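Please read these numbers as outputs of a predicted model, since none were measured by experiment.
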Amino acid sequence: MPPQRIHRAQRVRGVVPLNRSERHVKGAGWHKRGYCAEGEMWINIKEGGYGEVPGFDINENATPVELVNDVASVQRRMEYYPERPGWTFDIFFRRKSLIEMLDEFREEGRAEEDDLVRDFFDGGETVYFKVYDSQGRERVYSGLGWGYHGR
């Protein structure tokens, strides 16, 4: 089941906004929950429960597919990206895999444009980027090398 929507979109399904949002909302403050400047909201990326928390701005009218691609793009520029054969990554929000959620939407026959980032995010939230080795075990990067998630 996908993460619960923050608020329902007030538009017709399948109709993509023709332009980028330019909405201004102060919310709790800059890069915090509810903040939106010129339609751009901040999304934090926590790396597997450890390490720093980088982030990026994304327009609220972007699709979740664009969000997943942008998170992967940000991580590709970091050391914390799986470049070994057989290793994969996943992106979680509210304990739900965004990649699996997008696969479920495709199976249901929903168009990519049916859902927007603003349907699930309000700005200032954190998504979790997790790396898995070829056996499916979660791996973490400590700066010195790759280890196993210590639970």
- Message: Testing the 3.5 Å rule here: is there a donor-acceptor pair between the side chains of Tyr148 and Arg137?
- Response: yes

- Lys46 and Glu125: salt bridge (Lys or Arg N to Asp or Glu O under 4.0 Å), yes or no, with the steps? CA-CA 10 Å; Lys46 187 146 180 135; Glu125 284 99 352; over 6 Å; no

- Message: For the backbone of Ala72 and the side chain of Gln75, can you confirm whether one donor and one acceptor N or O come within less than 3.5 Å of each other?
- Response: no

- Task: Measure the CG-CG distance between Leu67 and Leu116 for me, rounded to the nearest 0.5 Å.
- Result: 11.5 Å

- Query: When you look at Val74 and Ile45, which way does the side chain to side chain contact (heavy atoms under 4.5 Å, CB included) test go after all the steps?
  - Reply: CA-CA 9 Å; Val74 167; Ile45 307 169; 3.7 Å; yes

- Hey, which of Ile58, Val127, Leu98 is the one that makes side chain to side chain contact (heavy atoms under 4.5 Å, CB included) with Val71? Val127

- Task: Could you tell me whether a side-chain N or O of Arg139 sits under 3.5 Å from a main-chain N or O of Gly147, the two making a donor and an acceptor?
- Result: yes

- Query: Mind checking whether Phe105 and Asp115 have side chains closer than 4.5 Å, heavy atoms only?
  - Reply: yes

- Note on the structure: Correct closest heavy-atom pair for Arg106 and Val65 would be NH2-CG2, 4.4 Å

- Message: Could you check whether atom CZ of Arg95 has more than 12 heavy atoms from other residues, nucleotides or ligands sitting under 6.0 Å from it?
- Response: no

- Message: Please determine whether salt bridge (Lys or Arg N to Asp or Glu O under 4.0 Å) holds for the pair Lys130 and Asp90, giving the CA-CA distance in whole Å, both sets of side-chain angles, and the decisive distance to 0.1 Å.
- Response: CA-CA 5 Å; Lys130 296 185 179 186; Asp90 205 347; over 6 Å; no

- Task: Heavy atoms only: give me the nearest Glu100-Ser97 pair and the separation to one decimal.
- Result: N-OG, 3.1 Å

- Message: Any non-hydrogen side-chain atom of Tyr128 less than 4.5 Å from a side-chain atom of Ile91?
- Response: no

- Message: Can you give me the closest heavy-atom contact between Phe89 and Ile99, atom names plus distance?
- Response: O-CD1, 4.0 Å

- Closest non-hydrogen atoms of Pro64 and Phe120, given as atom of the first, atom of the second and distance, are CG-CE1, 4.2 Å

- Query: Hey, does Val131 have a side-chain heavy atom less than 4.5 Å from the side chain of Glu138?
  - Reply: no

- Item | Separation of Leu102 CG from Arg110 CZ (nearest 0.5 Å) | 10.0 Å

- Query: Taking the six-membered ring for Trp, are Phe121 and Phe93 parallel (under 30°), tilted (30 to 60°) or perpendicular (over 60°)?
  - Reply: tilted

